[in-house]
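Since the structure comes first, as structure tokens, the remarks are kept for the end.
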Amino acid sequence: MKNQSPYYKAIGKEVEVFEQTYASKIPFLLKGPTGTGKSRFIEFIAHKLNKKLITISCHEETSSTDLIGRYIIKGAETVWLDGPLTTAVKEGAIIYLDEIAEARPDVIVAIHSLTDHRRELFIDKLGETIKAHEDFMLVASFNPGYQKGFKELKPSTRQRFIAVSFAYPKATLEAEILVNETGIDANTAKKLVNIATKIRNLTELGLTETVSTRLLVDAAKLIHNGLPKRLSVEVAIVEPLTDDLEVIEALKDLCNLMI
Ligand code: ADP
């Protein structure tokens, strides 16, 4: 029996687009800044399609071996252990490579033959090639980060995916998400969204990433749990954004007026 669906509020046509893409099993790329609901979306859609989801949070040490598998020593023997990608390919799961651009370049090489008509995975340590299960699908996320310091994804890789952009939802939707996620009252939710909108428009602050829906959800949770509103906003929204003391003070003043 299916368990309860993760809560996800559609922002655009992403649900329909994904369902049609899944029908053809074309790889799917979720683009957008952190905290815009990419992970939640994929959890929701995997549940809706009744497919197993395997999530890998990629970081700079993530290698193809981590994904494909390795030999391990067990007692006196060496045994082969499938990695999560191999498991997904065999079982027909949806694999979600979160922040794929962060991973080592050999990861991109490893998924190559899975992202075209071949739909196969080459396991070099075993000298084996396996055909993907018909339900297998590859999904990745990528933060385009228009500032310095973010890793890029090569056009030759990007063009193997259907891509959908995730951005901050419009104010009424975002407030609805806060109410649903945390149980906070609609009025406070609206105020939190107004704060976010204001800070998102302050491009002169030069923040690397601005207020995400995730930060708003965190602030709303603290408020709902009984922490004073101003303190909640300070620790959940302002402090995570920057370490610049002047900017912190300015943002605190702004938020205090708005909450
Ligand atoms: P990302 O993967 O883009 O970094 P997440 O999916 O982890 O972001 O989203 C962060 C949080 O924001 C979620 O845990 C959820 O509470 C909330 N959220 C963001 N967008 C939505 C949405 N459209 N529907 C429901 N919750 C959302």
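Residues take their numbers from the sequence shown, with the count starting at 1. Note that ligands are numbered from 1 as they come in the structure, with each ligand's atoms numbered from 1 the same way.
- Remark: Glu43 engages no residue in a side-chain hydrogen bond (donor to acceptor under 3.5 Å, both in side chains) (not counting sequence neighbours).
- By the criterion of a heavy-atom distance under 4.0 Å, both the backbone and the side chain of Thr34 are placed next to ligand 1.
- Near Gly37, meaning under 4.0 Å from any of its heavy atoms, are these atoms of ligand 1: 1 (P), 3 (O), 5 (P), 6 (O), 8 (O), 9 (O), 19 (C), 20 (N).
- Counting atoms of ligand 1 from 1 in the listed order, those under 4.0 Å from a heavy atom of Val217 are 16 (O), 17 (C).
- In this comparison of Ser141, Pro169, Ala220, Ser39, the heavy atom closest to atom 2 (O) of ligand 1 sits on Ser39.
- For the pair Lys38 and ligand 1, the shortest N or O to N or O distance falls below 3.5 Å.
- With ligand atoms numbered from 1 in the order given, ligand 1 contributes 25 (C) to contacts under 4.0 Å with heavy atoms of Tyr7.
- Only the side chain of Ile177 comes within contact range of ligand 1, with a heavy atom under 4.0 Å; no backbone atom does.
- By the 4.0 Å N-to-carboxylate-O rule, Arg40 lies close enough to Glu181 to be salt-bridged with it.
- For the pair Gly35 and ligand 1, the shortest N or O to N or O distance falls below 3.5 Å.
- With respect to Glu174, the salt bridge (Lys or Arg N to Asp or Glu O under 4.0 Å) criterion is satisfied by exactly one of Lys191, Arg200, Lys190: Arg200.
- When the heavy atoms of Glu43, Glu176, Glu181, Arg214 are ranked by distance to atom 16 (O) of ligand 1, first place goes to Glu181.
- In this structure, atom 6 (O) of ligand 1 lies nearest to the protein heavy atom Arg40 N, 2.8 Å.
- The pair Lys252-Glu249 counts as a salt bridge, with a side-chain nitrogen and a carboxylate oxygen less than 4.0 angstrom apart.
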Determine, step by step, whether Asp116 and Arg118 satisfy the salt bridge (Lys or Arg N to Asp or Glu O under 4.0 Å) criterion, reporting the C-alpha distance in whole Å, the side-chain angles of both residues, the deciding distance to 0.1 Å, and the verdict. CA-CA 5 Å; Asp116 54 34; Arg118 289 172 286 175; 2.8 Å; yes
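- Of all protein heavy atoms, the one closest to atom 18 (N) of ligand 1 is Thr213 CG2, 3.9 Å.
- Taking the side-chain hydrogen bond (donor to acceptor under 3.5 Å, both in side chains) definition, one finds that Lys25 meets it with nothing, sequence neighbours left out.
- Those atoms of ligand 1 that come under 4.0 Å of a heavy atom in Lys9, given as number and element, are 22 (C), 23 (N), 24 (N), 25 (C).
- Counting only N and O atoms by type, the side chains of Asp185 and Thr188 include a donor and acceptor under 3.5 Å apart.
- Between Phe28 and Phe161, the distance from one ring center to the other does not fall under 6.0 angstrom.
- A salt bridge does not link Glu60 to Arg104: none of the charged nitrogens lies less than 4.0 Å from a carboxylate oxygen.
- Residue Asp98 does not touch ligand 1, judged by heavy-atom distances below 4.0 Å.
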